[in-house]
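Working notes, structure below.
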Number of protein chains: 2
Amino acid sequence: MDTGDRLLTPGEVAALFRVDPKTVTRWAAAGRIGSIRTPGGHRRFRESEVRALLEGEGVLEDLEEGPENRPRNTGPATPGSPGSPGAGNMGMH
Amino acid sequence: MDTGDRLLTPGEVAALFRVDPKTVTRWAAAGRIGSIRTPGGHRRFRESEVRALLEGEGVLEDLEEGPENRPRNTGPATPGSPGSPGAGNMGMH
DNA sequence: CATAATTAGGGTAATTTGGGAG
DNA sequence: GTTGTCCAAATTACCCTAATTA
């Protein structure tokens with residue numbers, strides 16, 4: 001079961017999300033994303049978790065391995081993403 | 001499961017932490033991780049200790065939003081947990 | 001004993017960390 | 001409330017050659 005337990009560096013995650021590494025660090029500090037710390041203090045993120053966050057909730061099994069991005073969903077109209085119950089963690093008011 | 005008393009090579013530990021073998025060696029040199037030296041001078045690390053350090057924060061609790069996903073494992077607690085004998089790591093500064 | 005792969009050692013660049021302010 | 005950039009410091013990654021391991 002290779003769920004992709006590879007660990008990613010903050011820079012890798014930042015590049016995936018198109019944000020600054022500092023922002024990724026803040027997500028980890030806020031507990032919004034799991035992080036593994038090296039004995040030296042640096043953080044490592046799980047590829048599977050990052051992918052899950054990137055996909056929102058698409059539980060598709062796509063094992064791509066190429067730099068190219070898979071073509072968009074050949075499906076019909078855009079599903080929109082109305083649901084996205086998200087639920088997650090936000091709010092905190 | 002065995003407590004993992006096997007000895008791992010720097011390369012193995014490096015792959016687990018997604019770091020360079022040199023970095024693992026540096027951890028051992030800094031006393032951040034216990035290391036066993038071979039008569040030749042190479043270092044070996046304990047699987048149990050490495051796993052203990054690998055325990056990251058992660059999102060242990062379910063933080064999902066999918067109504068159809070609930071791999072809740074109410075199984076009995078794991079008896080006989082790894083006692084991690086002797087391993088008194090914890091490098092504090 | 002010989003070969004291939006890994007590891008150790010030193011040194012320098014790149015990345016990451018943490019806090020502060022916009 | 002979140003994100004991006006500034007700073008200084010620490011940690012990590014890659015370069016090399018020699019020794020050890022398998």
Side-chain angles (χ1 to χ4, degrees), chain A residues 4-57 65 67 69 80-93, chain B residues 2 4-61 63-65 87-93:
Chain A
D5 278 50
R6 292 171 301 192
L7 297 174
L8 300 178
T9 61
E12 290 272 276
V13 181
L16 285 164
F17 278 97
R18 244 356 210 202
V19 295
D20 250 39
K22 184 86 169 189
T23 304
V24 179
T25 297
R26 285 184 203 202
W27 292 344
R32 287 211 248 253
I33 179 172
S35 62
I36 295 171
R37 309 272 292 220
T38 65
H42 284 202
R43 292 191 181 89
R44 291 283 123 92
F45 304 92
R46 291 202 177 273
E47 166 92 356
S48 53
E49 190 168 339
V50 173
R51 279 258 267 268
L53 261 58
L54 278 168
E55 290 289 334
E57 43 223 67
E65 194 67 17
N69 249 357
S81 39
S84 240
N89 24 349
M90 53 161 342
M92 262 150 125
H93 179 25
Chain B
D2 60 87
D5 278 62
R6 294 168 301 194
L7 295 175
L8 300 178
T9 61
E12 288 281 287
V13 181
L16 286 164
F17 279 95
R18 224 263 181 236
V19 294
D20 233 56
K22 198 64 153 271
T23 304
V24 180
T25 297
R26 201 174 295 109
W27 294 341
R32 285 187 159 112
I33 181 172
S35 60
I36 297 170
R37 306 269 288 205
T38 65
H42 285 200
R43 294 188 178 85
R44 292 283 124 83
F45 306 91
R46 291 195 180 281
E47 166 95 18
S48 53
E49 191 170 340
V50 172
R51 272 170 106 128
L53 262 59
L54 203 64
E55 290 287 295
E57 186 247 297
V59 193
L60 316 160
E61 289 311 303
L63 189 81
E64 83 326 283
E65 66 320 290
N89 51 359
M90 232 136 224
M92 249 156 355
H93 176 44

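Chain identifiers are assigned alphabetically (A, B, ...) following the order of the sequence lines, protein sequences preceding nucleic acid strands; residue numbering begins at 1 within each chain. Since the model is a prediction, treat every value here as computed from it, not as a measurement.
The side chain of R44(B) places no N or O atom within less than 4.0 Å of a non-bridging phosphate oxygen (OP1 or OP2) of dT6(C). In this model, the phosphate group of dT2(D) is approached by a side-chain N or O of R32(A) to a distance below 4.0 Å at OP1 or OP2. Distances shorter than 4.0 Å separate none of the side-chain N or O atoms of T9(A) from OP1 or OP2 on dT12(D). OP1 or OP2 of dT3(D) sits under 4.0 Å from a side-chain N or O of W27(A). Checking the phosphate oxygens (OP1, OP2) of dA8(C), a side-chain nitrogen or oxygen of T25(B) falls inside 4.0 Å.
Within 6.0 Å of atom CZ in R37(B), more than 12 heavy atoms from other residues, nucleotides or ligands are found, so the atom counts as buried in its surroundings.
Rounding to whole angstrom units, NE2 of residue H42(B) and C1' of dT7(C) are separated by 4 Å. Atom CG of L8(B) is separated from atom P of dT6(C) by 16 Å (rounded to the nearest Å). Here the P atom of nucleotide dA22(D) and the CD atom of E12(B) are 13 Å apart, to the nearest Å. In this entry the distance linking CZ of F17(B) with C1' of dT11(D) reads 14 Å, nearest Å. The CZ atom of R18(A) sits 11 Å away from the P atom of dG4(D) (whole-angstrom rounding). Following rounding to the nearest Å, I36(A) (CD1) and dT17(C) (P) show an atom-to-atom distance of 13 Å.
For P10(B), counting side-chain heavy atoms from C-beta on, the closest listed nucleotide (dT20(D), dT7(C), dA13(D)) is dT7(C). Distance from the side chain of R37(A) is smallest for dG18(C) among the nucleotides dG18(C), dT6(C), dT3(D). Closest to the side chain of P39(B), from the set dT21(D), dT11(D), dG20(C), is dT21(D). Of the candidate nucleotides dT21(D), dT5(D), dT17(C), dT5(D) has the atom lying nearest to any side-chain atom of D20(A). Closest to the K22(B) side chain, of the nucleotides dG9(C), dG4(D), dT12(D), is dG9(C). When distances are taken from the side chain of P21(A) to each of dT12(D), dT16(C), dT7(C), the shortest belongs to dT16(C).
In this model, a side-chain donor or acceptor of R26(A) finds a partner on the base of dG4(D) within 3.5 Å.
The closest donor-acceptor contact from the side chain of R44(B) to the backbone of L7(B) lies at 3.5 Å or more, if one exists at all.
Considering every non-hydrogen atom in both P10(B) and V24(B), the closest pair reads O-CG2, 3.9 Å.
You'll find the side chain of R46(B) reaches within 4.5 Å of the side chain of I36(B), heavy atoms only. In this structure, the side chains of W27(B) and V19(B) come closer than 4.5 Å at one or more pairs of heavy atoms.
R43(B) comes within 4.0 angstrom of the backbone, heavy atoms only, and of no base.
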